[in-house]
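Single-structure report; data block below.
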Amino acid sequence: MPVPTVPDRRVPHRPARREDAHTDDHGQDGGQDVELRRNHGSLVLPAVCVLGGVVLLALPSERSLLRNLVAIGAVALGGVVLLGALRPFRFGIGPDGITVRRPGLRRLIRWTEIQALVLDAPPPVAGVPAPPRLLVVPAPGVALGAPATARHPVDGRPAVELLDLGQVRERPDDVAAALARHGGERFVDLLARRRAAFPVDDLTMGLRGYETNPVDRLIRQGQEALAWGGAPERQAARAGVEQARAAGLTVAARGYSTAQVDEALRSLSAALADDRTTDREPST
């Protein structure tokens, strides 16, 4: 009796995976390039200013000097913002470095030209968080072709502001992941380090709350002392918190929830009081 046979199974052909030939000078896999996209949502307000100014200028009126001055100012201000926002823009992160195309800087900045790369944000103003920014400290002897108008937040080294993340669509965490993958040890995410050192939920704004700027300053100082400060920095930050708690924070017509701030400062003071046998290493 013949034995039934099973036909051979066709195995689909899969091309061999090509290993990326590009690695950075830390020996890390370069991966795929990341291109950031400009956030065009920021163009709505200046466009409305220009349109509103044109409409005001077109309306007939016998006594229109003041109105015309306001309209001309709106058109001029909106036009300047639109002109700057519509200039050519490119920001790419890849195995060879960072490709920048913006006013005042158009070049590939190679990783070997970068000593440090920092993602940080200025302190909030009136309780409104500022957009994160990317700072670069050039390697010794390297001229990037742009003025060093910023400082490294930890050690004060002169730095060039490469990017305001409020201008792009990508989230700061996604940008940080790409920079860490390609930049290696050069890159430090100070936003993440502050959050990891002392997480703080968004404080609620309301009537008769604490004035925002002093609260933000105390919390930021405490987070930085915990994230990369030594014993003197932690002691100074705790002293500032305790002094503010003892003297009482200023209550404004509108500010942070007093209950939330009191709890946050109490927890921050306790964290700063913890005995630590070793100091944290400062960021790159």
Side-chain angles (χ1 to χ4, degrees), residues 16-40 42 84-122 130-196 224 227-228 280-284:
R17 181 181 177 183
R18 184 177 66 87
E19 297 294 334
D20 194 332
H22 295 285
T23 56
D24 65 18
D25 59 350
H26 285 278
Q28 297 173 321
D29 187 355
Q32 295 182 356
D33 292 352
V34 176
E35 287 281 346
L36 305 188
R37 299 165 296 171
R38 174 178 280 169
N39 182 8
H40 292 288
S42 59
L86 293 176
R87 288 179 178 175
F89 171 85
R90 185 186 179 194
F91 198 95
I93 306 167
D96 296 327
I98 299 176
T99 302
V100 183
R101 187 182 182 190
R102 64 167 177 79
L105 187 60
R106 296 187 179 188
R107 58 166 295 186
L108 167 66
I109 305 175
R110 298 190 177 277
W111 294 118
T112 53
E113 299 179 288
I114 296 175
Q115 186 178 53
L117 198 61
V118 183
L119 182 62
D120 195 18
R133 58 180 184 167
L134 183 64
L135 308 177
V136 60
V137 177
V142 173
L144 297 182
T149 57
R151 293 279 178 177
H152 193 296
V154 176
D155 54 33
R157 282 176 290 174
V160 176
E161 182 174 334
L162 281 187
L163 178 67
D164 180 345
L165 270 70
Q167 299 176 350
V168 298
R169 301 182 189 178
E170 285 72 18
R171 299 180 306 165
D173 289 345
D174 296 333
V175 178
L179 291 169
R181 183 168 65 251
H182 291 292
E185 296 179 355
R186 300 178 184 85
F187 173 68
V188 59
D189 184 352
L190 293 188
L191 300 175
R193 292 192 63 177
R194 287 194 188 92
R195 290 194 302 266
E224 292 177 353
W228 58 76
R280 294 178 181 268
E281 292 292 333
S283 59
T284 300

message: For the backbone of W111 and the side chain of R186, can you confirm whether one donor and one acceptor N or O come within less than 3.5 Å of each other?
response: yes
Least distance between heavy atoms, P138 atom then P158 atom: CD-O, 4.1 Å
Spacing of R38 atom CZ and R169 atom CZ [to the nearest 0.5 Å]: 10.5 Å
message: Using side-chain heavy atoms (C-beta onward) and a distance below 4.5 Å, is L179 in contact with I98?
response: yes
- prompt: Looking only at heavy atoms, what is the nearest atom pair of L119 and P172, with distance?
  reply: CD2-O, 4.0 Å
query: Quick one: do D155 and R157 make a salt bridge, cutoff under 4.0 Å?
result: yes
query: If every non-hydrogen atom of G94 is compared with every non-hydrogen atom of D33, which pair is closest and at what distance?
result: CA-OD1, 3.2 Å
- prompt: Picking from R194, R193, H152, what satisfies side-chain hydrogen bond (donor to acceptor under 3.5 Å, both in side chains) with D120?
  reply: R194
field: Between CG on residue D96 and CD1 on residue I109, distance to nearest 0.5 Å
entry: 13.0 Å
- prompt: How long is the gap from CD on E170 to CG on L165, to the nearest 0.5 Å?
  reply: 9.0 Å
task: Quick one: closest heavy-atom pair of V160 and P147, and the distance?
output: CG2-O, 3.7 Å
- request: Among L134, T99, V175, find the one that has a side chain to side chain contact (heavy atoms under 4.5 Å, CB included) with F91.
  value: L134
task: Heavy atoms only: give me the nearest P122-P131 pair and the separation to one decimal.
output: CD-O, 3.7 Å
message: Closer than 3.5 angstrom, by distance alone: can the side chain of E113 be matched with the main-chain N or O of A139 as a donor-acceptor pair?
response: no
field: Interatomic spacing from CD1 in I93 to CD in E35 - rounded to 0.5 Å
entry: 9.0 Å
statement: Between the CG atom in L144 and the CD1 atom in I114, the distance rounded to the nearest 0.5 Å is 7.5 Å
task: Side-chain contact test, heavy atoms from C-beta onward, threshold under 4.5 Å: evaluate it for L163 versus V100 and give yes or no.
output: no
- prompt: What are the two closest heavy atoms between A178 and V34, and how far apart are they?
  reply: CB-CG2, 3.8 Å
